[in-house]
Amino acid sequence: MYGMIALKLIIGLITLVVIVRLIGKKELAQITPLDFVYAVILGGILEESIFDDKVTVGHFIFALAIWALAIFLFERIMQRFEKFRVLIMGEPCLVIRDGELDVKAFEKSKLEPEQLRTLLRQQGIFSLKEVKYAYLETSGNLSVMKYPEFDPVTPAQLKVEADSNEPSILLVDEGRIEEKGLRMIDKDEDWLRESLKKEGYGSIEEIYCAEWTEREGFFIQKYI
């Protein structure tokens, strides 16, 4: 009995990973209502199957396989046919147009003014007068274009040359050399050890993490 429950749980976990891969790489805030339905039905299948002795492992795998296949086909159909995607997922709704609230769009989206203000505050906007256009996305997020006078001043506007930024590369993680990071910058372990010695670190193991950029060099954090 216990072994059967454990086996079903492991199979369910593997299926969940597969379904996440089918849905694609999304942040939690980007999960759509349809993705939520996927998860709820999968949870129902797991709940009904794990503790039911009449449901064999074969039945369980069959149900999960059919559900995963259905999700895959559904996602592919939505990608291929725009009208079907819009019918199922909806489309972005313009709730603020040229500084004016679109009341019909509000009613259609079941959105209240205070909910809109909450979404704006989460983006650091504390007054509706700052907003020129706002779209309510299908994920429930709000995309905003502010009036120019409320936008932060950029180096281009000040006519000054700004230094270009580049992402840092993690080369040491919890006392271990990150080979992937070295390959990204076309360096080897000997270069890393020699460079760290110049920075005053004789052992990789004493370093909690070390980042590197071409322009700034190393940022190193030791174990405390």
Side-chain angles (χ1 to χ4, degrees), residues 15-45 67-170 211 213 215-216 219:
T15 305
L16 179 60
V17 172
V18 171
I19 289 177
V20 168
R21 296 294 294 174
L22 291 176
I23 293 174
K25 297 180 179 179
K26 300 178 182 179
E27 297 179 1
L28 185 60
Q30 295 175 318
I31 297 299
T32 67
L34 189 59
D35 298 331
F36 179 72
V37 171
Y38 292 157
V40 168
I41 294 181
L42 176 60
I45 294 173
W67 183 232
L69 178 62
I71 292 175
F72 176 79
L73 294 176
F74 212 70
E75 291 286 328
R76 287 294 177 269
I77 291 172
M78 286 195 296
Q79 290 175 3
R80 185 167 183 180
F81 300 101
E82 178 68 17
K83 292 183 179 180
F84 184 75
R85 186 192 66 78
V86 171
L87 178 64
I88 299 300
M89 301 291 295
E91 55 186 347
C93 183
L94 185 61
V95 293
I96 299 180
R97 185 193 306 270
D98 201 19
E100 298 291 334
L101 298 180
D102 190 329
V103 177
K104 291 184 178 180
F106 265 70
E107 294 176 350
K108 180 180 178 182
S109 303
K110 305 296 188 295
L111 184 68
E112 298 177 358
E114 188 54 38
Q115 292 175 319
L116 174 66
R117 285 165 50 81
T118 299
L119 293 171
L120 290 174
R121 286 195 296 270
Q122 291 172 351
Q123 299 193 35
I125 301 172
F126 290 85
S127 176
L128 289 170
K129 69 180 181 181
E130 300 180 30
V131 181
K132 187 173 184 180
Y133 291 96
Y135 283 89
L136 184 65
E137 306 293 352
T138 56
S139 63
N141 291 334
L142 195 69
S143 300
V144 177
M145 175 187 288
K146 297 196 291 185
Y147 282 103
E149 59 265 31
F150 295 107
D151 275 327
V153 179
T154 65
Q157 292 170 328
L158 295 175
K159 297 182 179 179
V160 296
E161 184 176 350
D163 293 332
S164 60
N165 294 325
E166 58 185 20
S168 61
I169 306 298
L170 186 65
E211 296 178 334
T213 63
R215 190 165 69 91
E216 299 292 339
F219 173 79

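Numbers here simply count residues along the sequence, with the first being 1. As a basis for the values below, the full set of heavy atoms in this structure was taken, side chains included, without hydrogen atoms, waters or symmetry mates.
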Measuring only between side-chain heavy atoms, which start at C-beta, is Ile169 closer than 4.5 Å to Glu211? no
Minimal non-hydrogen separation, Tyr147 against Gly99, with atom names: OH-CA, 3.3 Å
To the nearest 0.5 angstrom, please state how far the CZ atom of Phe219 sits from the OG1 atom of Thr213. 11.5 Å
Salt-bridge test for Arg97 and Glu100: reply yes if a basic N is under 4.0 Å from a carboxylate O, no otherwise. no
Taking every heavy atom of Ala134 against every heavy atom of Val131, the minimum-distance pair comes out as CB-CG1, 4.0 Å
Mind listing the closest non-hydrogen atom pair of Leu111 and Val95 along with its distance? CD2-CG1, 4.4 Å
Give, for atom CG of Asp151 and atom NZ of Lys132, the distance between the pair rounded to the nearest 0.5 Å. 11.0 Å
Just by distance, do the side chain of Glu107 and the backbone of Lys104 share a donor-acceptor pair under 3.5 Å? no
Leu120 and Leu128: CA distance, side-chain angles, deciding distance, side chain to side chain contact (heavy atoms under 4.5 Å, CB included) verdict: CA-CA 8 Å; Leu120 290 174; Leu128 289 170; 3.3 Å; yes
Would you confirm whether Ser127, through its side chain, and Glu130, through its main-chain N or O, come within 3.5 Å as a donor-acceptor pair? no
Side-chain touch Leu119/Val144, heavy atoms, less than 4.5 angstrom: no
Is any side-chain heavy atom of Tyr135 closer than 4.5 Å to a side-chain heavy atom of Leu94? yes
Which of Gln115, Gln122, Arg121 passes side-chain hydrogen bond (donor to acceptor under 3.5 Å, both in side chains) with Thr118? Answer is Arg121
Under 3.5 Å, is there a donor-acceptor pair between the side chain of Gln123 and the main chain of Leu142? yes
Does some side-chain heavy atom of Ile96 sit less than 4.5 Å from a side-chain heavy atom of Leu116? yes
